[in-house]
Chemist: 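Questions regarding the structure given below will be posed in turn.
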Amino acid sequence: MEKKTDHIPDHVAIIMDGNGRWAKARGLPRTEGHRVGANRVREIVYACLDLGISYLTIYAFSKENWKRPKREVSGIMKLAEIFFRGFFNELKRKGVHFVHLGDKEGLSPSILKIINTMERNNAEEKKLVLSVAFNYSGRSELTGVLRRISELSANGEIEPDHITEQLISNYLYTRELPDPDLLIRTGGESRVSNFLLWQIAYTEIWITDTLWPDFTKETLLQAVDDYKRRERRFGGL
Ligand code: FPP
């Protein structure tokens, strides 16, 4: 008999791509695509709560995104701040627990302030853990782990055979999260773009041409239905 996953994914991660193309197709500035995209995030958080998905992780700003024009970067920063300030309390009331993934260094004092406030006053109930990768890069995350482990080793606190997959996972930004079951990429590109490189070793990937501002609960359901039909073997038979 064919073995199918047959249940919804516990942890969904999303690479929200296509905001720029969505705006361009409408003759709008790219930032307008990001603005509509930020509203979609709220909608998808509610969809995950409805569906009973426990973890949602979104890629909102990569370390590489600093290379974009200044105006676009500051637009994204402003939108993120509006999103965090506008929805944190509302989401907290619904049992959404916030996690920041990424480097705090390099972020502006105003963004840092709201991220620190959210972390300090977080929802204790965890109906949904919303992790926002912001100033995140997978290679930089792994580099940080190697630095930390080499410090421990230099101080004589660990031996080489203490270095296990579990130890590495414990030093990642995602230490509180299980690995993603399903990675969705919108906007049609087939790449992982430095997102959760360690964590997606056995993650099922679903790519849609739908641009992020057009992504709805129905699109999420399509991805979840497709996931349910997958057979996950984790390297076994
Ligand atoms: C990718 O589209 C999207 C981003 C780099 C930014 C995503 C940011 C938001 C949705 C706003 C911030 C929201 C929160 C909740 C923190 P792209 O610009 O690469 O699109 P393109 O491939 O069409 O150019």
Side-chain angles (χ1 to χ4, degrees), residues 5 7-19 34 37-38 40-65 76 80 83-84 91 96-103 115 126-142 145 165 168-169 171-230 232 234:
T5 308
H7 54 76
I8 62 159
D10 195 38
H11 183 175
V12 175
I14 308 183
I15 300 176
M16 310 183 288
D17 197 16
N19 294 348
H34 297 315
R40 284 298 181 202
V41 170
R42 181 165 174 256
E43 210 171 305
I44 295 307
V45 168
Y46 281 112
C48 288
L49 279 168
D50 279 355
L51 294 171
I53 289 167
S54 311
Y55 296 88
L56 171 65
T57 299
I58 54 171
Y59 202 8
F61 193 80
S62 72
K63 288 197 149 191
E64 290 71 30
N65 287 151
I76 296 175
F83 179 86
F84 294 144
L91 296 179
V96 177
H97 180 97
F98 169 83
V99 173
H100 170 236
L101 306 179
D103 207 340
I115 289 179
K126 291 186 184 175
K127 272 206 184 117
L128 173 69
V129 175
L130 171 64
S131 306
V132 181
F134 200 83
N135 200 23
Y136 174 89
S137 132
R139 284 189 173 181
S140 141
E141 176 180 40
L142 289 169
V145 173
E165 292 188 8
I168 292 169
S169 298
Y171 285 111
L172 296 168
Y173 295 123
T174 50
R175 58 185 74 88
E176 299 173 46
L177 314 176
D179 288 342
D181 298 301
L182 173 63
L183 171 66
I184 297 173
R185 179 165 188 144
T186 65
E189 310 281 0
S190 310
R191 50 177 174 255
V192 292
S193 300
N194 215 350
F195 190 40
L196 304 177
L197 297 179
W198 173 272
Q199 298 87 338
I200 60 172
Y202 286 105
T203 299
E204 297 294 324
I205 300 180
W206 191 79
I207 297 166
T208 174
D209 286 334
T210 303
L211 304 174
W212 177 251
D214 291 327
F215 191 92
T216 60
K217 184 175 183 184
E218 281 62 46
T219 334
L220 176 65
L221 281 169
Q222 277 175 31
V224 167
D225 279 345
D226 190 80
Y227 171 85
K228 285 183 182 168
R229 288 194 297 271
R230 308 260 181 115
R232 301 186 75 188
F234 298 94

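Keep in mind the model is a prediction, meaning the values are calculated, not measured.
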Chemist: Can you measure from CD1 (I8) to CD1 (I53) and round to the nearest 0.5 angstrom?
Modeler: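 I8 CD1 to I53 CD1: 5.0 Å, rounded to 0.5 Å.
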
Chemist: Quick one: are L220 and E218 in side-chain contact, heavy atoms under 4.5 Å?
Modeler: no

Chemist: Determine whether a donor-acceptor pair (N or O, by modelled atom type, separation under 3.5 Å) exists between the side chain of H11 and the backbone of D181.
Modeler: no

Chemist: Begin with the C-alpha distance, continue with both residues' side-chain angles, and end with the deciding distance and a verdict on ring-ring contact (aromatic ring centres under 6.0 Å, His included) for F84 and F98.
Modeler: CA-CA 10 Å; F84 294 144; F98 169 83; 5.6 Å; yes

Chemist: Do you know which two heavy atoms are closest between V224 and P9, and how far apart they sit?
Modeler: CG1-CD, 3.9 Å

Chemist: Could you give the distance from NZ (K228) to CG (L221), rounded to the nearest 0.5 Å?
Modeler: 8.0 Å

Chemist: Between S193 (side chain only) and F195 (backbone N and O only), is there a donor and an acceptor less than 3.5 Å apart?
Modeler: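 Checking the backbone N and O of F195 against the side chain of S193, no donor-acceptor pair under 3.5 Å is found.
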
Chemist: If you look at every heavy atom in L211 and G18, which pair is closest and at what distance?
Modeler: CB-O, 3.8 Å

Chemist: If you take all heavy atoms of A223 and I184, which pair is closest and at what distance?
Modeler: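 Where A223 meets I184 most closely, the heavy atoms are CB-CD1, 3.6 Å.
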
Chemist: What's the separation between atom CD1 in I44 and atom CG in L130, rounded to the nearest 0.5 Å?
Modeler: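 The distance works out to 12.0 Å.
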
Chemist: So does K63 get a backbone contact from the side chain of N135, meaning a donor-acceptor N/O pair under 3.5 Å?
Modeler: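 Not a single qualifying donor-acceptor pair exists.
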
Chemist: So do the side chains of E141 and Q199 get within less than 4.5 Å of each other, counting heavy atoms only?
Modeler: yes

Chemist: Are any non-hydrogen side-chain atoms of I200 and D179 less than 4.5 angstrom apart?
Modeler: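 Of all side-chain heavy-atom pairs linking D179 with I200, none is under 4.5 Å.
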
Chemist: Does H100 use its side chain to pair, donor to acceptor, with the backbone of F134 at less than 3.5 Å?
Modeler: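 Confirmed, H100 side chain pairs with F134 backbone.
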
Chemist: List the steps, then state whether side-chain contact (heavy atoms from CB on, under 4.5 Å) holds for W198 with L172.
Modeler: CA-CA 9 Å; W198 173 272; L172 296 168; 3.3 Å; yes

Chemist: Quick one: SG on C48 to NZ on K217, what's the gap to the nearest 0.5 Å?
Modeler: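 Taking SG in C48 and NZ in K217, the distance rounds to 9.5 Å.
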
Chemist: Shortest non-hydrogen contact from D10 to P178?
Modeler: OD2-CG, 4.3 Å

Chemist: A side-chain contact here means heavy atoms from C-beta on lying under 4.5 Å apart; do L128 and L91 qualify?
Modeler: no

Chemist: With side-chain contact (heavy atoms from CB on, under 4.5 Å) as the criterion, how do T57 and L101 come out once you've worked through the C-alpha distance, each side chain's angles and the decisive distance to 0.1 Å?
Modeler: CA-CA 9 Å; T57 299; L101 306 179; 3.6 Å; yes

Chemist: Which heavy atom of D214 sits nearest to which heavy atom of T219, and what is that distance?
Modeler: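 Closest approach of D214 to T219, heavy atoms only: O-OG1, 4.1 Å.
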
Chemist: Please evaluate residues L56 and V129 with respect to the criterion side-chain contact (heavy atoms from CB on, under 4.5 Å), reporting the C-alpha separation (whole Å), side-chain torsions for both, the decisive distance (0.1 Å), and the verdict.
Modeler: CA-CA 6 Å; L56 171 65; V129 175; over 6 Å; no

Chemist: What closest approach, in Å, do S190 and I207 show between heavy atoms, and which atom pair accounts for it?
Modeler: CA-CD1, 3.7 Å

Chemist: Does atom CZ of R175 have more than 12 heavy-atom neighbours from other groups under 6.0 Å away?
Modeler: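 Counting neighbours around CZ of R175, more than 12 heavy atoms of other residues, nucleotides or ligands fall under 6.0 Å, so yes.
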
Chemist: Please round to the nearest 0.5 Å and tell me the distance separating atom CZ of F61 and atom NE2 of H34.
Modeler: 9.0 Å

Chemist: To the nearest 0.5 Å, tell me how far F215 CZ sits from E43 CD.
Modeler: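 CD of E43 is found 10.5 Å from CZ of F215.
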
Chemist: Under 3.5 Å, side chain of R40 to main-chain N/O of P213, donor-acceptor pair present?
Modeler: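 Answer holds: yes.
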
Chemist: Would you say N65's side chain and S62's backbone share a donor-acceptor pair under 3.5 angstrom?
Modeler: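 The answer is yes, because a donor-acceptor pair under 3.5 Å joins these two groups.
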
Chemist: Take L183 and W206 through the side-chain contact (heavy atoms from CB on, under 4.5 Å) test and state the conclusion after the steps.
Modeler: CA-CA 6 Å; L183 171 66; W206 191 79; over 6 Å; no

Chemist: Here's a test for you: under side-chain contact (heavy atoms from CB on, under 4.5 Å), which of D103, L196, V145 qualifies with Y173?
Modeler: D103

Chemist: Do D225 and R229 meet the salt-bridge criterion of a basic N to acidic O distance under 4.0 Å?
Modeler: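 D225 and R229: not salt-bridged.
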
Chemist: Is there a donor-acceptor pair under 3.5 Å between the side chain of T208 and the backbone N or O of T186?
Modeler: no

Chemist: Would you call the rings of Y136 and Y59 parallel, tilted or perpendicular, where under 30° means parallel and over 60° means perpendicular?
Modeler: perpendicular

Chemist: Would you say the side-chain atoms of T174 pair up with the backbone N or O of L177, donor to acceptor, closer than 3.5 Å?
Modeler: no

Chemist: Sub-3.5 Å donor-acceptor pair from the side chain of D17 to the main-chain atoms of G187, do we have one?
Modeler: no

Chemist: Check whether any side-chain N or O of R139 sits under 3.5 Å from a backbone N or O of L197 as a donor-acceptor pair, and report yes or no.
Modeler: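 Checking the backbone N and O of L197 against the side chain of R139, no donor-acceptor pair under 3.5 Å is found.
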
